[in-house]
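Because the structure is a prediction, the values reported are computed rather than measured. These numbers come from the heavy atoms of this one structure, side chains and all, not from hydrogens, waters or symmetry mates.
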Amino acid sequence: MFERVVRPVLFRIGGGDAERAHEWTLARLAGLAGRPALLRALAARYAVRAPRTVCGIDFPNPVGLAAGMDKDGAALPAWPALGFGFVEVGTVTRHAQPGNPRPRLFRLPASEGVINRMGFNNAGADALAARLAARPRPLGVPLGISLGKSKTTPLAEAVGDYLYSYDALARYADYVAVNVSSPNTPGLRALQDRASLEELVAALAGRPAPGRSGPPPPVLVKIAPDLADSAVAEALDVCVRGGAAGVIATNTTLGRAHLAPADQARAAEAGGLSGRPLADRTRAVVAFIHRETGGGLPVVGVGGITGADDAARLFDAGASLVQLYSGFIFHGPPLVRAVARAARDRR
């Protein structure tokens, strides 16, 4: 029903403008917070129990919402009802910022992919902290918060920028994701270089969270799919030595391989590509991390999951958890349910 009825309607909203459709949908989902009966009905249809414990966190199922879908946490109660076993909000920055000029989000239907150059548009760390502090009830699933660098902050001051956001938000997070891999903030990927990453991980991993009782949230580092294996290995060494709890693999790619002929006209659009074209590279990076660390560093696999088989291949490659973004855009809540069921049945 989603692909035959709902998706065509959503894709026509805003005259086919992908970002306007996204904003319209997010507003509708945010409105579900005031309709608990509908949330329960959705959960009865889509939520699947397939428990896993990763990084000391209990997940009702291993299928998460990737960062970028709900940057400011506007629709938090909706995501567990749509079947997600965890939710990652952000990427959020210390300073509120509008992001890059529009248009900046493009669907590639034949390839089941998305190109975006959003540029970390968000209301800022303080605004997200205020929203999370005002939540009337627990989310019910683990919450990850993805942190990035403000565009106006020089690279030399990046650590302080991340620390501000961490101190504002870590008390609300079950884990913190450190995004150093988006291609849409100038210079950000330089933070994946060994010296820069060492400084950042050392500053964040294990840092006490102001206002939080108990241990600080685990820190996971999100890496790019465009890194060579040698660079991935260096990043892993930094993560292990610096106390990072895991890796999120991967972010969007600057490459344009595996696009369907019908989508080639979009290939020249600047930005990161996600979705089905990224599946092979994501699986290769997850497998490399698993081999390189002997399975000792948990991996969240994200990129290219458009069916339960894609997720199964990531689990087989060594992923402990998976996340959806583009696949959810094209296949909706039935994909979340299918992946969670497959994860449950294969245990």
Can you see which heavy atom on Ala203 is nearest to which on Val159, and at what distance?
CB-CG1, 3.7 Å
Taking the six-membered ring of Trp24 as reference, does the NZ or CZ atom of Arg20 fall below 6.0 Å from its centre and within a 45° cone about the axis?
no
Go through the steps for Ser165 and Thr93 under the test side chain to side chain contact (heavy atoms under 4.5 Å, CB included), then give the verdict.
CA-CA 7 Å; Ser165 297; Thr93 54; 5.5 Å; no
Tell me the closest heavy-atom pair linking Pro208 and Asp167, and the distance in Å.
O-OD1, 4.4 Å
Ion pair check, Arg281 and Asp226, cut-off under 4.0 Å
no
Determine, using the 4.5 Å side-chain heavy-atom cutoff (strictly less than), whether Ile57 and Tyr172 are members of one ILVMFWY cluster.
no
Are Arg52 and Phe315 in a cation-pi contact, defined as NZ or CZ under 6.0 Å from the six-membered ring centre and within 45° of the axis?
yes
For Val89 and Leu76, the nearest pair of non-hydrogen atoms, with its separation, is CG1-CD2, 3.7 Å
Return the minimal non-hydrogen interatomic distance between Arg212 and Ala170, and the atom names on each side.
NH1-O, 2.9 Å
Is any side-chain heavy atom of Glu198 closer than 4.5 Å to a side-chain heavy atom of Arg241?
no
Treat each ILVMFWY residue as a node, draw an edge where side-chain heavy atoms are under 4.5 Å apart, and state whether Leu278 and Leu227 are in one component.
no
Salt-bridge criterion met for Asp126 and Arg94 (N-O under 4.0 Å):
no
With Ser326 via side chain to side chain contact (heavy atoms under 4.5 Å, CB included) - residues at least two apart:
Val114, Ser274
Work out which heavy atom in Lys222 is nearest to a heavy atom in Val180; give both atom names and the distance.
O-CG2, 3.6 Å
Below 4.0 angstrom, N of the basic side chain to O of the carboxylate: do Arg313 and Asp316 qualify?
no
Please name all residues satisfying side-chain hydrogen bond (donor to acceptor under 3.5 Å, both in side chains) with Thr91, sequence neighbours left out, ordered by chain then number.
Ser146, Asn179
Asp263 vs Ser111, side chain to side chain donor-acceptor pair (under 3.5 Å): CA-CA, chis, key distance, verdict
CA-CA 7 Å; Asp263 292 324; Ser111 306; 2.6 Å; yes
With a 4.5 Å heavy-atom cut-off, do Phe11 and Ile329 have their side chains touching?
yes
Taking CZ in Arg35 as the centre, count heavy atoms belonging to other residues, nucleotides or ligands within less than 6.0 Å. Is the count above 12?
no
Could you note down all residue pairs passing ring pair (Phe, Tyr, Trp, His ring centres under 6.0 Å) where residues 42-67 supplies at least one of them, sequence neighbours left out?
Phe59-Phe86
Less than 4.5 Å apart, any side-chain heavy atom of Asp280 and any of Arg283?
yes
Pairing residues for Arg171 by the salt bridge (Lys or Arg N to Asp or Glu O under 4.0 Å) criterion, not counting sequence neighbours
none
When every non-hydrogen atom of Gly242 is compared with those of Ala205, the smallest separation belongs to O-CB, 3.5 Å
Is it the case that one hydrophobic cluster holds both Leu314 and Val48, taking links as side-chain heavy atoms less than 4.5 Å apart, direct or via other members?
no
Please answer: with hydrophobic residues joined when any side-chain heavy atoms are less than 4.5 Å apart, are Val238 and Val299 in the same cluster?
yes
Would you kindly confirm whether Ile248 and Val285 end up in one hydrophobic cluster when ILVMFWY residues are joined by side chain heavy atoms under 4.5 Å apart?
no
Sequence neighbours excluded, the answer for side-chain hydrogen bond (donor to acceptor under 3.5 Å, both in side chains) partners of Ser213 is none
Does this structure show an ion pair linking Asp345 with Arg341, if we count only N-O contacts that are shorter than 4.0 Å?
no
Taking the side chain as every heavy atom from C-beta outward, state whether Leu82 and Leu65 have any pair of such atoms under 4.5 Å apart.
no
Which residues pass the side chain to side chain contact (heavy atoms under 4.5 Å, CB included) test with Ala233, not counting sequence neighbours?
Phe288, Glu292
State, yes or no, whether a side-chain contact exists between Arg337 and Arg45 at a heavy-atom distance under 4.5 Å.
yes
Do the side chains of Asn100 and Met118 get nearer than 4.5 Å, heavy atoms only?
no
Here's a test for you: under side chain to side chain contact (heavy atoms under 4.5 Å, CB included), which of Val178, Val92, Leu200 qualifies with Leu147?
Val92
Is the closest side-chain heavy-atom distance between Thr250 and Thr282 below 4.5 Å?
yes
Salt-bridge criterion met for Glu269 and Arg107 (N-O under 4.0 Å)
no
Note, Val63 side chain near Ile305 side chain (heavy atom, < 4.5 Å)
no
